[in-house]
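Note sheet for the following structure.
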Amino acid sequence: MKPLAPLLPVNGENLTIILNWQSAGNAAEEAPEVTHFGPTLERWYERHRRDLPWRHTTDPYRIWLSEVILQQTRVAQGLPYYLRFIEAYPTLVDLARADERELLRLWQGLGYYSRARNLHQTAKLIADTKQGQFPDTYHELLTLKGIGTYTAAAVASFAFGERVPVVDGNVYRVLARVFGIEEDITTTQAKKTFAALATRLMAHAVDPATYNQAIMEFGAIQCTPVAPDCLLCPVQQQCRAYLTGRQHKLPVKKKKAPVRERFFTYFVFRRGEGEAAQFALRERTQRDIWQNLYEFYGTETDEPAPNWRSVDVPGEANNLVEAGVLVGPAIAEQQLLSHQRVKAFFYEIALPEADKTALPEGLRWFTRADVEQLPKPVLITAYFEKQFG
DNA sequence: AATACGGGGCA
DNA sequence: TGCCCAGTATT
């Protein structure tokens with residue numbers, strides 16, 4: 001390992017080295033934080049590591065089993081399951097010969113049950129076609145059911161010492177903070193960024209297995225999602241997030257906005273025929289989507305309305321509905337917004353040209369030409385084009 | 001590129 | 001409640 005640089009340059013040579021880091025001429029060289037990061041974490045790990053059963057073995061079967069159990073699962077939750085599985089199936093062949101129902105029974109309560117099925121399938125494959133020999137490279141491991149990039153890297157490094165970095169939720173968090181990466185970690189581009197950085201860091205690790213364990217353990221108990229322990233952090237002074245007070249803002253993760261489903265029922269009141277026809281519309285004034293746009297008379301329901309009779313028509317429109325006749329079946333239109341899916345059902349109601357029934361408050365008659373000029377939601381335009389265009 | 005897939009712990 | 005957890009497979 002390289003000796004740490006003295007705090008102050010003791011001669012011109014050191015000063016030159018420091019200045020060179022700032023210059024563009026050294027683009028090929030790594031910044032000190034990149035080269036020291038791994039070894040620093042490895043030292044931290046030897047002092048702070050938790051004593052966990054899968055850390056006492058290099059048996060690929062046990063490593064694999066623990067990693068699958070721990071996918072999207074906290075250690076505290078997965079640990080008892082791991083112990084029960086090892087007791088029930090001490091070896092890969094035991095697992096391969098297991099009854100699937102019994103296996104799923106043991107998995108009960110852990111969630112993500114496809115993990116258990118894939119576990120069984122992969123165990124059988126290795127037992128039956130590979131003479132029980134666990135694949136020993138990252139790329140071979142990747143081909144197995146239930147083993148993705150994370151688990152392949154974990155097994156390859158922990159069991160076989162391969163120099164390949166794990167990139168899990170902990171790693172995203174630690175790297176985003178230490179290196180001040182503001183990319184949204186849910187994007188494909190960010191995954192590439194983090195994987196590339198992780199690979200560069202791994203190149204400087206003393207021991208691949210220890211380094212991988214270290215960065216995850218560091219994320220789990222020091223660089224935690226909330227309330228990270230920055231005051232006692234070994235990389236505090238190299239951490240971009242800490243130095244800029246942004247540790248609570250990183251990593252950036254776009255929260256998926258749940259798509260709200262909304263159901264609109266519209267009554268398309270039409271007075272007269274053809275070019276002379278008039279349509280009743282009103283402006284949306286409420287603080288909601290489509291504010292100040294024009295739409296037909298209607299109501300919103302929590303569920304799709306089975307038919308127009310089931311819709312609770314406000315009393316003010318009863319006279320209008322009774323004065324006309326329903327024309328044809330309902331027309332359905334749908335519009336996707338960023339956070340909403342609006343499904344609309346249109347019921348056309350024809351009235352005599354000379355009808356004088358009073359309109360509800362806000363509703364007004366518009367000729368076809370007028371309707372064209374009104375600002376309308378795409379949903380309304382689509383319907384109008386389809387029926388009268 | 002988005003989404004389904006679980007259940008538990010914690011603020 | 002919403003977020004997050006030693007992610008992967010599928011659409």
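Note that this is a predicted model, so its numbers are computed, not measured. Naming: A, B, ... by sequence-line order, numbering from 1 per chain.
- When heavy atoms are screened at a 4.0 angstrom cut-off, A/Thr151 is found touching the sugar-phosphate backbone but no base atom.
- Scanning atom types as modelled, one donor and one acceptor separated by under 3.5 angstrom connect the side chain of A/Arg55 and the base of C/dA6.
- The side chain of A/Gln72 has C/dC5 as its nearest neighbour among C/dT8, C/dC5, C/dA6.
- Look at CD on A/Glu67: it is 5 Å from C1' on C/dA6, rounded to the nearest Å.
- Atom NZ of A/Lys254 and atom P of C/dC3 are 14 Å apart (whole Å).
- Summarising the geometry, the separation between OH on A/Tyr82 and P on C/dC5 is reported as 23 Å, rounded to the nearest angstrom.
- Across A/Tyr383, A/Tyr297, A/Phe267, a single residue satisfies ring-ring contact (aromatic ring centres under 6.0 Å, His included) together with A/Phe346, and that is A/Tyr383.
- Counted within 6.0 Å of CZ on A/Arg364, heavy atoms from surrounding residues, nucleotides or ligands total 12 or fewer; the atom is thus considered open.
- Between A/Phe158 and A/Trp54, a ring centre-to-centre spacing not shorter than 6.0 Å is recorded.
- Each of A/Gln189 and A/Gly111 was matched to the nucleotide of DNA chain B holding its nearest heavy atom; the match closer to the 5' end belongs to A/Gln189.
- The C1' atoms of C/dA9 and B/dG8 are separated by 23 Å, rounded to the nearest whole Å.
- The base of C/dG7 lies outside donor-acceptor range of the side chain of A/Tyr150, with no N or O pair under 3.5 Å.
- For the P atoms, the distance from B/dT3 to C/dA6 is 24 Å, rounded to whole Å.
- Comparing atom distances between the A/Glu217 side chain and each of C/dA6, C/dA9, B/dG7 picks out C/dA6 as nearest.
- Nearer the 5' end of DNA chain C, as judged by each residue's closest nucleotide, is the contact made by A/Arg74, out of A/Arg74 and A/Val167.
- In this structure, A/Glu42 contributes its side chain and A/Val206 its backbone to a donor-acceptor pair below 3.5 Å.
- Within 4.0 Å (heavy atoms only), A/Leu110 reaches at least one base atom of the nucleic acid.
- Atom pair A/Leu142:CG and C/dG7:P shows a separation of 15 Å (rounding to whole Å applied).
- Take the nearest nucleotide of DNA chain C for A/Gly146 and for A/Gln77: the residue whose nucleotide is more 5' is A/Gln77.
- When rounded to the nearest whole Å, the span between CH2 of A/Trp107 and C1' of B/dG6 equals 11 Å.
- Contact check, A/Thr149 against C/dT8: a side-chain N or O comes under 4.0 Å of OP1 or OP2.
- Computed from coordinates, the A/Ile221 CD1 to C/dC4 P distance equals 20 Å when rounded to whole Å.
- Judged by distance alone, the side chains of A/Asn319 and A/Thr357 never bring a donor and an acceptor atom under 3.5 Å apart.
- The nucleotide whose nearest atom lies closest to any side-chain atom of A/Lys253 is, among C/dA6, B/dG6, C/dC5, C/dC5.
- Distances shown here put every side-chain N or O of A/Thr73 at or beyond 4.0 Å from the OP1 or OP2 atom of B/dG7.
- Taking the centre and axis of the six-membered ring of A/Tyr81, the NZ or CZ atom of A/Arg84 falls inside the cone set by 45° and 6.0 Å.
- Nearest nucleotide to the A/Gln71 side chain, out of C/dC4, C/dT8, B/dA1: C/dT8.
- With C1' as the reference atom, C/dC3 and B/dG6 are 15 Å apart, rounded to whole Å.
- If you take CG of A/Leu70 and P of C/dT8, they are 12 Å apart, rounded to a whole angstrom.
- Look at A/Tyr113 and you'll find a side-chain N or O under 4.0 angstrom from OP1 or OP2 of B/dG7.
- Along DNA chain B, the nucleotide nearest to A/Val226 and the one nearest to A/Thr186 differ in position, and the one closer to the 5' end is contacted by A/Thr186.
- Nucleic acid contact class of A/Trp54 (heavy atoms, under 4.0 Å, all strands): base.
- Judged purely by atom type and a 3.5 angstrom limit, A/Arg246 has no side-chain atom pairing as donor or acceptor with the backbone of A/Arg240.
- Taking only side-chain nitrogens and oxygens, A/Arg115 never comes nearer than 4.0 Å to OP1 or OP2 of B/dG6.
- Within 4.0 Å of A/Arg117, counting heavy atoms only, lies no atom of the nucleic acid at all.
- Here A/Leu52 lies in heavy-atom contact (under 4.0 Å) with a base.
- With rounding to whole Å, A/Gln213 atom CD is found 9 Å from C/dA6 atom C1'.
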